[in-house]
Asks: 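Submitted below is the structure of interest, expressed as structure tokens.
Every chain is numbered from 1, with letters handed out A, B, ... down the list of sequences.
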Amino acid sequence: MTTATTLGMRDTFTTTVTELLDEDPRLAVVLAEISADRLTEAAARHPDRVINVGIREQLLVSVAGGLALSGMRPIAHTFSAFLVERPFEQVKLDFAHQDVGGILVGSGGSYDISFGGRTHMSPGDVALMDSLPGWTIQVPGHPAEAAALLRADAARDDAVYLRLSEQSNARPYATDGAMTVLKRGREGVVLVVGALADNALAATEQLDVTVLYTPTVRPLDVRTLRSAVFTANTDVLLVEPYLRGTSTHAVAEALVDIPHRIAALGVDRGHELRGYGEPADHERAHGLDAASIAARARRFFHAGAPDGPVLRAG
Amino acid sequence: MTTTAELTYTDLPALMRRLAGDEKHNAAAESTVDVIWVLYDSVLDIGPHNLDDPGRDRFLLSKGHGPMAFYAVLAAKGLLPAGDLDGWGTFESRLGGHPDRTLVPGAEISSGSLGHGLPIGLGLVLGWRATGRTGPRAVVLVGDAELDEGSNNEAIEYAGRLGLEQLTVVVVDNSSSTYGWPGGIERRFTLEGWTGRTVDGRDHDALRVAFTEPHPGRPLVVVASVEKKGA
């Protein structure tokens, strides 16, 4: 890995993509101003393969689809709110529906840009992408995972949503599509996605549970999940750094033949959090800090209490 | 060459009559028939001989509704078996109210929702530019009312600034846009750096000239005027 892990995910993305453009003439990066200032060197070397369309996000996505139709491997990038939510019909129709692939790299995570407010937040992006057939969805929890995923994605042909955040775990885990078993226990299974792994581990320190981690949300590694519930209680606590319950249906389908309970933690669905501050403030407000996860996990695994919203702000 | 490739313009009405059913879009289908015929017959190099050649010309039907003329021309040119025209729109048919490129041989894009073909065509041309493919051209057919969709403007602006000569848009203008285009459609493009030509959308010679005269260093828009929708 030539990418320094001290960089955040967005800088890791631009550094890695600069390397990849030198290596693979099939790759092209499409931008809508965002991050263009971090790719000037690549643009100077590959003026026809670093394409900045200006502040035109519908065009950003459709141009990437057209590049794929020409035989190239496009990487389209901006903040997730403007990549997935604003031009969602372009995402829906200009890749998989055209039977071509491409890589959408969103940055800003759910509430990274907390100072920017609701317009710059996109906690629903993964749920939206999950509504489209044929997409691989990746939510890395560490810059090194983001770099490894991007390198592997660039060499493939499928449609991929790579969702970056400036939140990070202390260390990277495997990015081969399989879940990593962070710890083993008997009272149940915690499945954690992306940069919440450290919080989930700290939260379950005193609990005898299995903790599974994955940066690959779709397709979900059903095999490891099933194997975990076979060796522990079949209660599953899902911890995702975006819209609460986004993967509940995938877990339920994976365990359809096994009596089980599922509870989900994530960004609150029932209430728009109108607040700025730091990402950590939002993490706490949505009950995704270690202390909140611990309290919810104890209730779920020990008392079996149903889980309701825990939003504290607003 | 297959025998069906020898069909001519005069065979199109019979082929289109086989597409029985949806009457609603017949006028729209007829508005495009001359433009699509001229493109396939004498402008673009697309046929059964090069359908898998990455360097082939491309016709992108952005205005996917009213595709009967398109299907008929594909059949006349041997790209689509004429037998497919019978029973179109049924669950078993490959042909529906909007073309699906994974189902229709010769359809370069799946379309239906307006405002996608031109931005996709722009990306296609950028891909050719990045790979040094200077030969092929992409022609995108849009309707005048389709220009209501703002996504087209994003592409018109950007393609004009880049001077993408390999990109052509043909606007089939049957005056169907509710609010119209004061100053004319052609001017919307030329202001952004395109070469513009407005011709009679029924005149095959005029269309051919408009499509084939050089327009160095600029994308080309051909406004093909036809009778007003419903007239």
Asks: Let me know if R133(B) has heavy atoms under 4.5 Å from chain A in its side chain, its backbone, both or neither.
Replies: neither
Asks: Tell me, side chain or backbone of S110(B) under 4.5 Å from chain A's heavy atoms, or both, or neither?
Replies: both
Asks: Test side chain to side chain donor-acceptor pair (under 3.5 Å) on D144(B) and S175(B) and set out the steps.
Replies: CA-CA 7 Å; D144(B) 65 292; S175(B) 306; 5.5 Å; no
Asks: Counting only pairs under 3.5 Å, give me each side-chain donor-acceptor contact of residues 54-70 of chain A, with atom names and distances, residues two or more places apart or in other chains.
Replies:
from   : atom 1 : to      : atom 2 : distance (Å)
R56(A) : NE     : E157(B) : OE1    : 2.8
R56(A) : NH1    : V53(A)  : O      : 2.9
R56(A) : NH2    : E157(B) : OE1    : 2.8
Q58(A) : OE1    : Q90(A)  : NE2    : 3.1
S62(A) : OG     : Q58(A)  : O      : 3.3
S62(A) : OG     : D94(A)  : OD2    : 2.6
S70(A) : OG     : L67(A)  : O      : 2.7

Asks: Is D22(A) paired with R45(A) through a side-chain N to carboxylate O contact shorter than 4.0 Å?
Replies: yes
Asks: R129(B) versus chain A, heavy atoms under 4.5 Å apart: side chain, backbone, both or neither?
Replies: both
Asks: Mind checking what makes salt bridge (charged side-chain N to carboxylate O under 4.0 Å, His left out) contact with D41(B), not counting sequence neighbours?
Replies: K77(B)
